[in-house]
Amino acid sequence: MKYNNMEQFTPETIVELYKKGKPIVDIAHGLNIRGREVIAILSRHGINVHQVEMTYGEKNSLDPDNFRLIQIDTPRFSVRTANCLKKIGVFTVEDLLNCTESDLCNIKGFGKLSLSEVDQFVSELKNGFSKANGSNLMGKESDAADTKSLRYDDRSASALKKAYFYQYRDRIFNGDFSFAEEDGFPEQYADKVKIYEDGYKLLDGDILEQCKNNPQSVALIIGCLLDFSKRQKRKEEIYEVIDRIPSSRKNSLAKYYIVAYTDDKETQDILCRFFANSTILKTPDLINDLDYNDYVILKSFLSWCTFDLTQEAQELWDASCPRDNVKDVLHLRAHGRTLEEIGSKHGITRERIRQIESKAVRIFERKESQVRFIAKVSAEKGGDPVIHREDIEKYFPLHAREFFF
């Protein structure tokens, strides 16, 4: 709600509203100011909101320790809310439950809508966790049929599932997954057990011990594994592109194709540093040492190297000569006929023939500069800048003479 005469509010107004039990976010919204400004004013009047407020965990009877290392499902929140939470180091459900409303209102850009998203998430978490406690999700006995009937909101189910497994933490670290066979174990959690088993088999014992004894290192280890996964994916993508490059081109020196690929000096320097004096086939040896930006440049270059000169020559010809009369004009001119002779054949003036010819040449030059056809032919010849008609005839035998006209 908006308060009356909000343009004339005083600090005393804010203090009075707060003492009446108005939430900070409502005060800020009603007076059209930021939540952190409300907190600052209250602080100047001797009210330390952080001392009198309960955390989200305390207000909702949720123990943050049950949600340790459980990452917040960021798609659950809007981009603004997720970024605001990251800004103050809130990455896990445990972090969020240890926050107060004032902590969040003090974040720049964190308004009433963001706060309502957090309130809804914590409320769903509380409701789902209460059901969990009553149905053996925290180790109490219950009927298996009741367990099967449990259904949680998708947005909080992931956090609940992780919190449930926390009680089996030591057994999981020791490779003991027999708890999944015990009576009352929720069937819907069987997929999670399989994930834990696969992870245990994959990870080295020293890494598992490090995760157990130093939970803070988990994020670093996860980061390393994610980085490794990304690098593997990049390598697979590069191999896929290389497979599309003709064999003869793979075994050619990359430096000739780099010059044909771009005139940008900086990009040329980066690519030359990759390949030095090696062939395109040398690429896989370079991938692991690349940062993302260099990887993008390398992949773009290799994709370009898959070009088909025969197809490009035909496309150049079709673009330059969209009509049969234009093709005939260029054909006759390339074979030595004069403008007047061609004009007489087509029943138009020599000036009109000259215009048709000039337009076709302009289109060809513009298209050629885009696809860099001549530069590609030069690269195929080992960097030889001199192009003969015989070189064009390899890719476009029917109209090589017109290309050279």
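Each residue takes its place number in the sequence, starting with 1. Because the structure is predicted, anything quoted here is derived from the model rather than measured.
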[Y] and [X], any side-chain heavy atoms less than 4.5 Å apart:
X	Y	answer
Ser114	Arg80	yes
Phe396	Thr310	no
Phe77	Val118	yes

Can you tell me if [X] and [Y] form a side-chain donor-acceptor pair at under 3.5 Å?
X	Y	value
Gln311	Glu315	yes
Ser78	Glu117	yes
Glu101	Tyr56	no

Nearest heavy-atom neighbours spanning [X] and [Y]:
X	Y	answer
Ala190	Phe185	N-CE2, 4.3 Å
Ala260	Ala375	CB-O, 3.4 Å
Tyr256	Gly383	CD2-CA, 3.6 Å
Leu96	Leu104	CD1-CD1, 4.4 Å
Val259	Arg372	O-NH2, 3.5 Å
Lys376	Leu309	CB-CD2, 3.7 Å

Checklist entry - Who pairs with Lys194 by salt bridge (Lys or Arg N to Asp or Glu O under 4.0 Å), at least two apart in sequence or on another chain? => result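 By the salt bridge (Lys or Arg N to Asp or Glu O under 4.0 Å) rule, Lys194 matches Asp198.
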Next on the checklist: For Trp304 and Phe301, take the angle between the two ring planes, folded into 0 to 90°, and tell me which bin it lands in: parallel under 30, tilted 30 to 60, perpendicular over 60.
Outcome noted: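 Rings of Trp304 and Phe301: parallel, under 30°.
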Checklist entry - Of all residues at least two apart in sequence or in a different chain, which pass the side-chain hydrogen bond (donor to acceptor under 3.5 Å, both in side chains) check with Arg362? => result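 With neighbours one apart ignored, the set is empty.
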Item to check | Side-chain donor/acceptor of Thr306 to backbone N/O of Ser303, under 3.5 Å | outcome: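 Checking the backbone N and O of Ser303 against the side chain of Thr306, a donor-acceptor pair under 3.5 Å is found.
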Next on the checklist: Any salt bridge linking Glu197 with Arg171? Criterion: basic side-chain nitrogen under 4.0 Å from a carboxylate oxygen.
Outcome noted: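 Salt bridge absent between Glu197 and Arg171.
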Item to check | Sidechain N-carboxylate O distance under 4.0 Å for Arg354, Glu357 | outcome: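 Salt bridge absent between Arg354 and Glu357.
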Next on the checklist: If we check side-chain hydrogen bond (donor to acceptor under 3.5 Å, both in side chains) with Thr267, which of these qualifies: Asp269, Asp264, Asp263?
Outcome noted: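 In the set Asp269, Asp264, Asp263, the residue that makes a side-chain hydrogen bond (donor to acceptor under 3.5 Å, both in side chains) with Thr267 is Asp264.
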Next on the checklist: Does the Lys NZ or Arg CZ of Lys255 fall within the cation-pi geometry relative to Phe275 - under 6.0 Å from the ring centre and within 45° of the axis?
Outcome noted: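 Checked: cation-pi criterion not met.
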Checklist entry - Looking at residues at least two apart in the chain, or sitting in another chain, which of them share a side chain to side chain contact (heavy atoms under 4.5 Å, CB included) with Lys233? => result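 In terms of side chain to side chain contact (heavy atoms under 4.5 Å, CB included), with neighbours along the sequence ignored, Lys233 is linked to Glu237.
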